[in-house]
Amino acid sequence: MHSSISFPILEQFQVHQYGLYPGQPDHPGLQLTFRPGLTLVVGTNGLGKTTMATLLFRMLSGPHDLSHQTLNATELGGQSLDEISLSAKQKAMFADRVSDRAATAYAELQLRLGKSRILVRRAVKNLTLLGLWVDGEQVDSQEGEYQRLVVSLAGLSSFGDWLMFLRQLVFYFEDRRSLVWDASAQRQVFRMLFLSPTASRDLYTKEREVLKLDSAIRNNHAALGRLQVRVDEEERKRTDSQDVLSQVRSLQPLQERDLEKQAQLVSEVNGIDEFRRGLRRQLLEAEDRASRLQEQLEDGRLQIIHSQFPSKSETAKYLLSLLMLDGKCAVCSETSPEFAETIELRAEHSRCVLCGIPAHEDVSQTAVPTLESLAETRDALERVRARAVELHAELRSVSENYDSRSSYMLKLADEISAREKLLTSLIRSLPTDDEMQLEAKKDLIGLRHTVDQDRVRLEKLTKEFEAVTQSFDRNVFERVEQIKKAFNRYAKDFLFEDVALKWTSQVRQIGQLQTIETSTFDLDMGGTDFGASHRRDGPSAVSESQREFIDLAFRMALIEVAGEGKGGSLVIDAPESSLDAVFVERAAEVLCRFGKPSGVNRLLITSNLIDGRLLPDLIRLGVPKAEKQDRLLNLMDVAVPTAAVKAVGDKYRKEWESILAQGLGQ
């Protein structure tokens, strides 16, 4: 179980003697105080908003980061999460922006982490740690000591986890991963948040062991293939055992071809199966939608009949006219005066004309649907039924394709196994009179034995990893409902459509040789063409605005649930770039709900001076008038002016004054 994670709570950030931020004579440099809630930094292009946010990140990460391969890997868990040192060029990223190379510039960041207050001082020119204080007392200013300290206070297992923790949850940069649609990133984040440091390290270590052994087996298998080719070349020089050699030469290409075909078939069958399961889910959704539309249509028809024949007797007479036409049965056309008399008596005594049970007056005041609305419902029903028919046909075709390929794959596996036994027997029967050839064969047998042993060990390690993964999934499952509820509270106000997280089991590929079953969140969301909510399998399935704020809502939910009410910090760089006009007001409200002045979270937003409601609404909802000085920073007051600011600075300042007036109600 997890001993409780702690998010960094930013308190103060200062940059001194850095040429990009000269500040004012009475307030030199850049100074930010983070109160609970919103801190808003605005400016124009080139004034250093992103530089400031990046420097804030580097104050926490130091001159280290995750590798480029890790940050850009398709499978986050497939790469090492150990930290690496930044290159000299990367360390000098801030020095490159000023003429004096930031020779004397330094920055200080004060934050709370767990139960301790930390002050970090770094050289801006290369991120070297100049000083480290814990609860007012200076400690060893070594990077290793800083790393050990933050890892321990945050409740994490390694500094690599701390770096990923910052990138995935604290800083909302453009190069972030989309957690909602990235199963591998979800698993790594959940590992950090919901396992103890020991259990988290154990899960990560077991995964790395499986991946390393998987890689070793593939490398040895490739070496085995090369050695086999060399042995075969030598065998061709021999004059005896030609029949055996001939058989081996004829069988090996077939075996290699069939092995390649088998690998391709496995990939194709898995893909077809995944597509088939998706079709089944869509078919169930369509059938459920059709059922609800049919009920809606039938209810509407009855309501219209009741509205046309308000009294029970009139309704009964109408139904009677449908049952008996000129004294004859409407079904068989036979004359039946006794039945006609019976149903007339039932109608007169307010009984059901079909079953004879006394009718009860309907006192409901349900609004009567219009014929147009019924027509719309009928059209929708026909479309859904047509979609169900298409899905049935497509599912049948895909299932037939799946069954056909699966049968062929089983047959091919039997052929490969039988041929492998024959090849092994033939190769062992070849003469070994040449010393070098004998040595090569020994190497071949040894390498094959190593691969076989490693495969057995890989199976064992995979089972162990699957066991701890299942335990991990159960641990996360205890928080699933909390995460879903928190996500809904944020996402529902960002978006107009219904949106919900679904905890879903899936088969995960571990390396290239093994699979395990695990669970992650998927996203269901309504849409204009589908009516009911359906699975959105990737970020391309939603609009840009929806994508940004679904992912942001997910991060807010994780901070709320994992932080257990202690709060956290969220740094968002330029959120306005993906917003349309309608989303602006909703975004400001939800952002300020996360970063409310009376709460425990810190929310730092950097933004250009833009038209529209985002900045006024953020100020109106998140900046009390008495705290304006601490919560608002216009970089035109502290940064070196750009050419645009020099040319039209008055216009920018008037725009800022207008934004302040709208936000503060002045």
Side-chain angles (χ1 to χ4, degrees), residues 10 32-45 47 49-50 52-53 171-172 174 486-497 499 543-557 559-560 567-637 651-666:
L10 305 179
L32 280 176
T33 298
F34 299 97
R35 292 177 175 270
L38 173 68
T39 300
L40 179 62
V41 177
V42 300
T44 65
N45 288 328
L47 282 182
K49 300 184 302 301
T50 298
M52 184 202 71
F171 289 85
Y172 196 70
E174 285 187 359
F487 175 80
N488 287 340
R489 282 198 301 273
Y490 291 116
K492 71 178 182 180
D493 287 333
F494 273 140
L495 308 168
F496 291 95
E497 291 84 3
V499 60
S543 71
E544 185 178 2
S545 292
Q546 290 171 334
R547 177 167 64 248
E548 298 295 329
F549 283 93
I550 285 171
D551 211 35
L552 188 55
F554 190 51
R555 282 170 166 80
M556 290 177 173
I559 292 173
E560 178 179 319
S569 298
L570 184 58
V571 179
I572 305 175
D573 188 25
E576 75 278 1
S577 60
S578 64
L579 284 175
D580 58 40
V582 176
F583 270 86
V584 166
E585 184 174 353
R586 302 166 75 90
E589 182 177 349
V590 178
L591 287 169
C592 289
R593 183 184 306 160
F594 173 84
K596 57 186 176 182
S598 60
V600 292
N601 295 321
R602 266 62 170 181
L603 175 64
L604 172 62
I605 296 178
T606 69
S607 174
N608 279 327
L609 282 171
I610 56 171
D611 289 331
R613 293 299 312 168
L614 180 61
L615 295 181
D617 285 346
L618 285 173
I619 294 170
R620 175 175 59 84
L621 296 169
V623 180
K625 291 182 181 180
E627 298 172 3
K628 166 187 168 184
Q629 194 69 27
D630 286 340
R631 293 184 181 274
L632 299 175
L633 174 63
N634 186 344
L635 284 178
M636 288 192 296
D637 296 332
K651 289 184 178 180
Y652 283 127
R653 294 188 184 279
K654 286 181 181 179
E655 180 65 27
W656 176 234
E657 290 170 3
S658 173
I659 290 170
L660 286 176
Q662 294 176 64
L664 298 173
Q666 297 175 346

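Just so we're clear, the structure is a prediction, and the values are computed from it rather than from any experiment.
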Indicate yes or no: at least one non-hydrogen side-chain atom of [X] is less than 4.5 angstrom from one of [Y].
X: Val42; Y: Ile659; result: no
X: Leu615; Y: Leu40; result: yes
X: Asp617; Y: Glu589; result: no
X: Leu47; Y: Met636; result: yes
X: Leu552; Y: Leu570; result: yes
X: Ile559; Y: Phe594; result: yes

Just to verify, what does [X] make a salt bridge (charged side-chain N to carboxylate O under 4.0 Å, His left out) with, not counting sequence neighbours?
X: Arg631; result: Glu627
X: Arg555; result: Asp551
X: Glu560; result: Arg489

Partners passing side-chain hydrogen bond (donor to acceptor under 3.5 Å, both in side chains) against [X] (at least two apart in sequence or in another chain):
X: Tyr652; answer: none
X: Asn488; answer: none
X: Thr33; answer: none

[atom2] on [Y] to [atom1] on [X], rounded to 0.5 Å:
X: Asp573; Y: Met52; atom1: CG; atom2: CE; value: 8.0 Å
X: Thr39; Y: Leu603; atom1: OG1; atom2: CG; value: 8.0 Å
X: Leu609; Y: Asn634; atom1: CG; atom2: CG; value: 5.5 Å

Check your understanding: When you look at Thr44 and Glu655, which way does the side-chain contact (heavy atoms from CB on, under 4.5 Å) test go after all the steps?
Key -> CA-CA 11 Å; Thr44 65; Glu655 180 65 27; over 6 Å; no

Taking all non-hydrogen atoms of both residues into account, name the closest pair between [X] and [Y] and its distance.
X: Leu38; Y: Leu618; value: CD2-O, 3.5 Å
X: Lys625; Y: Leu664; value: CE-O, 2.6 Å
X: Ala491; Y: Val499; value: CB-CG1, 3.7 Å
X: Gly567; Y: Asn601; value: CA-OD1, 3.2 Å
X: Gly622; Y: Pro597; value: O-CG, 3.8 Å
X: Leu10; Y: Phe34; value: O-CB, 3.2 Å

Review point. Between the main-chain N or O of Ser607 and the side-chain N or O of Lys49, is there a donor-acceptor pair closer than 3.5 Å?
Key: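 Between the backbone of Ser607 and the side chain of Lys49 there is no qualifying donor-acceptor contact (under 3.5 Å).
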
**Study point:** Main-chain N/O of Ile610 paired to Asn608 side chain as donor or acceptor, under 3.5 Å
**Key:** no

Practice item. Taking ring-ring contact (aromatic ring centres under 6.0 Å, His included) as the test, write out the residues that go with Phe171, two or more places apart. Key: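 Once residues adjacent in sequence are excluded, the partners of Phe171 under the ring-ring contact (aromatic ring centres under 6.0 Å, His included) criterion are Phe57, Phe173.
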
Practice item. Please name all residues satisfying side chain to side chain contact (heavy atoms under 4.5 Å, CB included) with Ser658, sequence neighbours left out, ordered by chain then number. Key: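 Partners of Ser658 under the side chain to side chain contact (heavy atoms under 4.5 Å, CB included) test: Gln662.
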
